[in-house]
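Report on the following structure.
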Amino acid sequence: MFRLNHIYRNIAFLVSAVVLSSCSGMLYTTIDVLRPAKISFPVDVNHLLIVNNAASQPKTYGHKTVLFNENQKSATVDTDSLPVFALASFAESILEKEFFSSVNLEHQSINKGDFFSASLPEATKLKDLSEKYGANGIVALNRILVHDQLGETYDEENATFIAYLEARYEYNWSIHFPSRNHVFSLVTKDTVYWESESYSRQRAMNGLPDRRDALIDGALITGKRAVNQFIPFWEQADRYLFDMSDKVFKSGLDSVYVKNWDGAIQIWDGLMKSVKNQTKKSKIAHNLSVLYEIKGDIKQAYDYSNRALETFLNTTIIDYRQMMFVMEQNGILKARLEELDLLNKQLGEK
């Protein structure tokens, strides 16, 4: 399975990167979680074409300037190249993921219409392009709209001027499968922010990048980040483990420190069966849930999380801070379990 092998190719490194740190009697770690995309490509769609179908945004539209003691003003910024830069970054990131056998980009816009009415590409044009590139899946960018504001504020506590530029990007996409005659639409939004601080008002403003250059950089950044809407992606997330003074528990923790997950599971599973204290039993079940999640067994992780939650609720005295971590883990795993079918479908796993 081309997709499955490549999306998992770095999993050994990702798991080995787990490092534990102490946090008020607990331990926490950052793990890498594989999340599904919003779009699901059929397994046999392995040749992708990316098409520029975006008309240029008018220079005088969407650009505002707000300075001290002045009314808001409209600005003129040349943004006609934003679709080209955004799609170049998008296509490069798609290639890096190695999710498709081939990726091609038609960077010249095929849109001859109006910027304010984003429209789908002509079916005949897409058919010709799909035949030209041998593509069985097409992603078209139908519009990129940016609303940006240049402004300044004053930090009274530090007696400094802050100049800023905020750019909010909105992408209108359509996904086409010519052989199936299926079309899906997707809108993605992202924001890029620049800030400059100085005791001098002028220096603060001069510390910002050129406005046109900044918007191009923003298009490169947001174009790259948009890939996560189309391809499953790794996301870092914090997980928390309970710590206890029990010697047997500590021996399991020693295994965790050297990433011997199975060794720790064996020790803690045995301890959970023998320990009588319900609070301790719940903590151990929670820790086992985290370890099974690290191992990628989400169902088993959820089962142990349910046991941790049920045991906690049956204790005479409830520590609500500790229970919060158990409930949070339980909610996360429930959501991940619901995502599994979609993720497996996107990876081409049966």
Side-chain angles (χ1 to χ4, degrees), residues 1-10 36-57 79-113 115 118-145 169-188 190 216-234 345-348:
M1 303 301 295
F2 178 87
R3 294 180 183 177
L4 187 62
N5 290 341
H6 284 77
I7 204 74
Y8 277 115
R9 72 188 189 282
N10 289 327
K38 288 187 176 181
I39 298 298
S40 296
F41 288 88
V43 178
D44 59 345
V45 174
N46 279 317
H47 300 282
L48 185 71
L49 173 62
I50 302 166
V51 174
N52 183 355
N53 184 49
S56 297
Q57 179 171 336
T79 52
D80 62 349
S81 61
L82 294 188
V84 174
F85 283 102
L87 286 179
S89 179
F90 178 80
E92 183 179 12
S93 187
I94 289 277
L95 277 169
E96 290 174 354
K97 298 288 186 180
E98 298 183 347
F99 194 71
F100 298 97
S101 299
S102 67
V103 179
N104 288 289
L105 170 62
E106 181 74 17
H107 71 273
Q108 189 73 31
S109 179
I110 62 172
N111 190 321
K112 306 301 180 184
F115 169 81
S119 57
L120 297 177
E122 294 181 4
T124 54
K125 185 63 176 179
L126 287 186
K127 183 177 183 298
D128 292 342
L129 288 172
S130 64
E131 292 177 354
K132 174 183 176 181
Y133 290 100
N136 52 7
I138 299 175
V139 173
L141 174 62
N142 302 316
R143 185 172 68 180
I144 174 172
L145 166 64
Y169 293 82
E170 180 179 299
Y171 289 78
N172 183 300
W173 307 89
S174 57
I175 301 87
H176 307 256
F177 305 110
S179 64
R180 293 173 168 81
N181 198 29
H182 288 173
V183 180
F184 300 92
S185 296
L186 177 67
V187 174
T188 62
D190 205 346
I216 289 174
D217 287 343
L220 292 169
I221 293 168
T222 55
K224 180 180 180 65
R225 294 200 293 224
V227 172
N228 289 347
Q229 308 294 327
F230 296 84
I231 296 177
F233 61 98
W234 292 102
K345 176 183 177 182
Q346 293 177 354
L347 295 174

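Owing to the predicted nature of the structure, the values given are computational and were not obtained by experimental measurement.
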Margin query: In terms of relative ring orientation, are Y171 and W173 parallel, tilted or perpendicular, with 30° and 60° separating the classes?
Written below: parallel
Next item on the list: Quickly, which of V84, L87, N172 forms a side-chain contact (heavy atoms from CB on, under 4.5 Å) with L141? Name it, please.
Entry: L87
Margin query: Would you say CD of Q108 has more than 12 non-hydrogen atoms from neighbouring residues, nucleotides or ligands within 6.0 angstrom?
Written below: no
Margin query: Is there a side chain to side chain contact (heavy atoms under 4.5 Å, CB included) between V187 and R143? Walk through the geometry before answering.
Written below: CA-CA 10 Å; V187 174; R143 185 172 68 180; over 6 Å; no
Note to self: Determine whether a donor-acceptor pair (N or O, by modelled atom type, separation under 3.5 Å) exists between the side chain of S109 and the backbone of A55.
What the structure shows: no
Item checked: Minimum heavy-atom distance G137-V45, with the two atoms named -> CA-CG1, 3.6 Å
Notebook entry, point to check: To the nearest 0.5 Å, what is the distance between CD1 (I216) and CD1 (I221)?
Noted result: 12.0 Å
Note to self: Donor-acceptor pair, distance only, cut-off 3.5 Å: does the side chain of Q229 make one with the backbone of T188?
What the structure shows: no
Next item on the list: Answer whether the closest heavy-atom distance between the side chains of P121 and H176 falls below 4.5 Å.
Entry: yes
Margin query: Nearest 0.5 Å, please: how far is CD1 in I175 from OG in S185?
Written below: 7.0 Å
Check: Where is the tightest heavy-atom contact between Q346 and S40, given as atom of each residue plus distance?
Finding: NE2-OG, 3.1 Å
Notebook entry, point to check: So, for A219 and T222, which heavy atoms are closest and what is the spacing to 0.1 Å?
Noted result: O-OG1, 3.4 Å
Check: How many angstroms lie between CG in L347 and CZ in F99, if you round to the nearest 0.5 Å?
Finding: 6.0 Å
Next item on the list: Please confirm whether the backbone N or O of K127 pairs with a side-chain atom of S130, one donor and one acceptor, at under 3.5 Å?
Entry: yes
Margin query: Ring centroids only, cut at 6.0 angstrom: are F100 and F41 within range, meaning strictly under it?
Written below: yes
Notebook entry, point to check: Salt-bridged, K224 to D190, with N to O below 4.0 Å?
Noted result: no
Next item on the list: Would you check, one step at a time, whether the test side chain to side chain contact (heavy atoms under 4.5 Å, CB included) holds for V139 with F90?
Entry: CA-CA 11 Å; V139 173; F90 178 80; 4.2 Å; yes
Next item on the list: Please confirm whether the backbone N or O of N142 pairs with a side-chain atom of N53, one donor and one acceptor, at under 3.5 Å?
Entry: no
Notebook entry, point to check: For D44, does its backbone N or O pair with a side-chain atom of N136 as donor and acceptor, under 3.5 Å?
Noted result: yes
Check: How far apart are the closest heavy atoms of V43 and N46, and which atoms are they?
Finding: O-ND2, 3.5 Å
Item checked: Interatomic spacing from CG in L129 to CD1 in I50 - rounded to 0.5 Å -> 13.0 Å
Notebook entry, point to check: Is there a side-chain contact between E92 and L105, using heavy atoms and a 4.5 Å cut-off?
Noted result: no
Item checked: Distance, nearest 0.5 Å, that separates CD1 of I94 from CD1 of I231 -> 3.5 Å
Check: What heavy-atom pair brings I144 and F115 nearest, and what distance separates the two atoms?
Finding: O-CE1, 3.6 Å
Next item on the list: Establish, from distance only, whether the side-chain atoms of Y133 and E106 form a donor-acceptor pair under 3.5 Å.
Entry: yes
Item checked: Euclidean distance, S89 OG relative to R225 CZ, rounded to 0.5 Å -> 10.0 Å
